[in-house]
Engineer: 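Provided herewith is a single structure, encoded as structure tokens, for subsequent inquiry.
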Amino acid sequence: MLTIDNASLSIQGIPILRDVSLAIETGTTVGLIGRNGAGKTTMMRAVMGALPLDKGTIQFEHQALHKTPPHHRAELGIGYLPEDRRLVPHFSVEDNILVSLWATGNADRARLKWVYDLMPEIGRFADRRAMTLSGGQQKLVALARALVAGSNLLLLDEPFEGVAPALAQRLMEVISDLRREHLSVLISESDYTHSEKVVDKVYAIERGQISLMPRADAA
Ligand SMILES: Nc1ncnc2c1ncn2[C@@H]1O[C@H](COP(=O)(O)OP(=O)(O)OP(=O)(O)O)[C@@H](O)[C@H]1O
């Protein structure tokens, strides 16, 4: 379970996250919906350890993540799909997928095979350099990289942004299939278009403040 409690964070003295609390129960998929600049990426980066909190805590299982150096995330089974993909252009697709495991010295071939089985289209271009792929294909590769590392928790920052409808549908199928794996997943989106179909609960974020949204089907 991931629990963020009363977390506040500022960048260059400007408050960006204000007293944010959020919980992702193990095996559930949670949405984080907010407009451009609301604080979605900042929140994910705080969980990844790239930005320090001013106050509050981030706990994952029994680990105080806000005190854990960033490179320990792979060991904890935490995978991250950044909004801008961040693939290494000259690396092959497979090396890009495995790069998140190099820090742990654990190039887990079984996990790689599981990802290729989940997304067979990736296996077909595994040897190509990342820079020769389309933007949508690169998004799939970045999701594969997050999945290889993220055996416990996945943070997906706007995975559907700028993706053609057919690929967005495919990404949703892959994310839906993760339910069977008992993975905890956080998906951010600027509106509720895609994630609505795959999430168990949704938080709205606005100017760095977060609230749990009532489910439309709970009325
Ligand atoms: N490095 C930075 N320096 C200054 N301000 C920043 C920095 N990173 C983020 N911010 C500010 O923090 C706020 C939240 O940004 P963030 O990227 O988290 O939003 P977001 O919800 O992910 O938006 P988007 O959908 O546009 O990616 C914005 O007002 C942004 O300008």
Side-chain angles (χ1 to χ4, degrees), residues 2-24 28-60 65-66 68-71 73 78-87 100 134-143 145-147 149-150 153-165 167-169 171-172 174-175 184-214:
L2 178 84
T3 316
I4 303 180
D5 269 321
N6 301 109
S8 295
L9 186 161
S10 31
I11 299 177
Q12 291 165 6
I14 300 166
I16 307 291
L17 297 182
R18 302 156 195 256
D19 232 6
V20 164
S21 294
L22 161 151
I24 307 176
T28 66
T29 300
V30 170
L32 179 66
I33 310 297
R35 289 178 225 177
N36 294 128
K40 305 180 296 293
T41 299
T42 302
M43 206 157 116
M44 299 227 176
R45 297 191 69 212
V47 176
M48 290 310 289
L51 294 170
L53 299 182
D54 298 337
K55 72 169 194 67
T57 58
I58 305 176
Q59 288 280 137
F60 180 59
L65 270 193
H66 58 288
T68 306
H71 60 275
R73 300 303 186 277
I78 301 176
Y80 177 41
L81 167 64
E83 190 181 359
D84 57 3
R85 305 187 295 257
R86 267 183 253 153
L87 299 181
S100 52
S134 73
Q137 288 169 329
Q138 289 186 29
K139 201 113 191 180
L140 276 178
V141 175
L143 177 60
R145 180 184 56 194
L147 281 168
L153 172 68
L154 264 185
L155 306 173
L156 307 178
D157 195 2
E158 304 203 34
F160 309 109
E161 186 67 27
V163 162
L167 183 60
Q169 182 60 38
L171 284 169
M172 283 216 303
V174 173
I175 293 166
S184 306
V185 185
L186 181 65
I187 306 178
S188 76
E189 196 173 12
S190 56
D191 57 40
Y192 203 11
T193 314
H194 296 96
S195 43
E196 184 181 24
K197 298 172 187 103
V198 289
V199 296
D200 298 295
K201 67 175 175 181
V202 186
Y203 291 89
I205 184 163
E206 195 173 345
R207 277 177 266 162
Q209 288 186 305
I210 199 169
S211 55
L212 190 59
M213 280 170 70

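Quick note: numbers below take in every heavy atom, side chains included, and nothing from hydrogens, waters or symmetry partners. If you read the sequence from its start, that first residue is 1, and numbering goes on from there. All ligand and atom numbering here is 1-based and tracks the order in the structure.
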Engineer: Spell out, as yes or no, whether a donor-acceptor pair under 3.5 Å connects the side chain of Lys139 to the backbone of Glu161.
Structural biologist: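 Yes; judged by distance alone, with no hydrogens or angles, the pair exists.
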Engineer: Can a donor-acceptor pair be found, under 3.5 Å and without considering hydrogens, that links the side chain of Arg45 to the backbone of Pro82?
Structural biologist: no
Engineer: Side chain of Lys201, backbone of Ile24: donor and acceptor closer than 3.5 Å?
Structural biologist: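 Checking the backbone N and O of Ile24 against the side chain of Lys201, no donor-acceptor pair under 3.5 Å is found.
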Engineer: To the nearest 0.5 Å, what is the distance between CE (Met48) and CG (Leu65)?
Structural biologist: 9.0 Å
Engineer: How far does CZ of Phe60 sit from NE2 of His66, to the nearest 0.5 angstrom?
Structural biologist: 15.0 Å
Engineer: What protein heavy atom sits nearest atom 17 (O) of ligand 1, and how far away is it?
Structural biologist: Thr41 CB, 3.6 Å
Engineer: Give me the residue, atom name and distance of the protein heavy atom closest to atom 26 (O) of ligand 1.
Structural biologist: Asn36 ND2, 3.0 Å
Engineer: Testing Leu17, Val20, Ile210 for side-chain contact (heavy atoms from CB on, under 4.5 Å) with Ile4, which one passes?
Structural biologist: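 One option only clears the test, and that one is Val20.
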Engineer: So is Arg35 in contact with ligand 1, going by heavy-atom distances below 4.0 Å?
Structural biologist: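 Checking ligand 1 against Arg35, which is what was asked, there is a heavy-atom contact under 4.0 Å.
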Engineer: So is there a nitrogen or oxygen of Ala38 less than 3.5 Å from a nitrogen or oxygen in ligand 1?
Structural biologist: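 Yes - when backbone and side-chain N and O of Ala38 are compared with those of ligand 1, one distance drops under 3.5 Å.
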Engineer: With heavy atoms only and a cut-off of under 4.0 Å, state how Ile16 meets ligand 1: side chain, backbone, both or neither.
Structural biologist: side chain
Engineer: Going by the atom numbers of ligand 1, which of them fall below 4.0 Å from some non-hydrogen atom of Glu83?
Structural biologist: 27 (O)
Engineer: What verdict does the side-chain hydrogen bond (donor to acceptor under 3.5 Å, both in side chains) test give for Asp54 and Ser8, after you've listed the backbone C-alpha separation in whole Å, the side-chain angles of each residue and the deciding distance to 0.1 Å?
Structural biologist: CA-CA 6 Å; Asp54 298 337; Ser8 295; over 6 Å; no
Engineer: Looking only at side-chain N and O atoms, does Asp5 offer a donor or acceptor that is under 3.5 Å from a partner on Thr3?
Structural biologist: no
Engineer: Check each of Pro15, Gly39, Gly208, Gly37 against atom 13 (C) of ligand 1 and report the one with the nearest heavy atom.
Structural biologist: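 Minimum heavy-atom distance to atom 13 (C) of ligand 1 goes to Gly37.
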Engineer: Is atom 11 (C) of ligand 1 less than 4.0 angstrom from at least one protein heavy atom?
Structural biologist: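 Within 4.0 Å: yes, protein heavy atom nearby.
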Engineer: Does at least one non-hydrogen atom of Gly34 fall below 4.0 angstrom from an atom of ligand 1?
Structural biologist: no
Engineer: Would you say ligand 1 has an N or O under 3.5 Å from any N or O of Gln12?
Structural biologist: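 No - when backbone and side-chain N and O of Gln12 are compared with those of ligand 1, no distance drops under 3.5 Å.
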Engineer: Tell me whether ligand 1 is touched by Glu158 - counting only heavy atoms on the residue side and a distance under 4.0 Å.
Structural biologist: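 True for this residue.
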Engineer: I'd like to know if the side chain of Tyr80 and the backbone of Asp157 have a donor-acceptor N/O pair within less than 3.5 Å.
Structural biologist: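 Between the backbone of Asp157 and the side chain of Tyr80 there is no qualifying donor-acceptor contact (under 3.5 Å).
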Engineer: How far is atom 7 (C) of ligand 1 from its nearest protein heavy atom, and which residue and atom name does that atom have?
Structural biologist: Ile11 CD1, 3.7 Å
Engineer: Tell me which protein heavy atom sits closest to atom 16 (P) of ligand 1, plus the residue, atom name and distance to 0.1 Å.
Structural biologist: Thr42 OG1, 3.6 Å
Engineer: Verify the contact flag for atom 31 (O) of ligand 1, where contact means a protein heavy atom under 4.0 Å away.
Structural biologist: no
